[in-house]
Amino acid sequence: MGAPTPILTAVYRGRTEELEALLAQRPALTLFEAAAIGDPAAVRAAVQADPAALAGRSADGWPALHLAAHFGHGDAVDALLKAGADVRALSFALINVLLAHGAAVEVRADDGRTALAIAEGRGHPYAARRLRGEMP
């Protein structure tokens, strides 16, 4: 995996002034940048310019849908879903994050359940199998 773009880095680190300065230059946003900043018009433009990006991931491994959802940008999420973003990509990305941080069995929610227990309890067999290490 590569490094995130300067725009994504500014978003990730909450550097509002840095982000504003970068956006003031009116760069052509990637789909991932548009999703992370929550700009539905830029999301639509990026998908139109590069439809394959919808199935791709940012340089640091995140699907656009995950970025929009993580940063609470409902309008960008809607634009991505209307464009055909795969909801399963969001689940797959989140499972990878959980695995990378040992959350499958070590980290517990406020109610004491692990991610694995939650996946099993909510009827998500694919997620549960991934968290148990039964599939890549």
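Just so you know, these numbers use all the heavy atoms, side chains as well, and skip hydrogens, waters and symmetry mates.
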Enquirer: Roughly how far apart are Leu31 CG and Leu80 CG, rounded to 0.5 Å?
Expert: 5.5 Å
Enquirer: Any chance you could measure Asp60, atom CG, to Thr9, atom OG1, to the nearest 0.5 Å?
Expert: 7.5 Å
Enquirer: Glu120 and side-chain contact (heavy atoms from CB on, under 4.5 Å): which single residue from Arg113, Arg129, Arg132 fits?
Expert: Arg132
Enquirer: Rounded to the nearest 0.5 Å, what's the gap from CG on Asp39 to CD on Glu33? Could you check?
Expert: 11.5 Å
Enquirer: Do you know which two heavy atoms are closest between Ala76 and Ala35, and how far apart they sit?
Expert: CB-O, 4.2 Å
Enquirer: State, to 0.1 Å, how close Ser58 and Tyr12 come at their nearest heavy-atom pair, and which atoms those are.
Expert: OG-OH, 4.4 Å
Enquirer: Quick check: closest heavy atoms across Thr30 and Ala46, and the distance to 0.1 Å?
Expert: C-CB, 4.1 Å
Enquirer: For the CG atom of Asp78 and the NE2 atom of His73, what is their distance to the nearest 0.5 Å?
Expert: 13.0 Å
Enquirer: Atom CD1 in Ile7, atom CG in Leu29: separation rounded to 0.5 Å?
Expert: 5.0 Å
Enquirer: Measuring from Thr5:OG1 to Phe32:CZ, what's the distance to the nearest 0.5 Å?
Expert: 10.5 Å
Enquirer: Mind jotting down which residue pairs meet the salt bridge (Lys or Arg N to Asp or Glu O under 4.0 Å) criterion with at least one end in residues 8-19? Sequence neighbours excluded, please.
Expert: Arg15-Glu18
Enquirer: Using every non-hydrogen atom in the two residues, find where Ala3 and Ala59 come nearest and quote the distance to one decimal.
Expert: O-CB, 3.4 Å
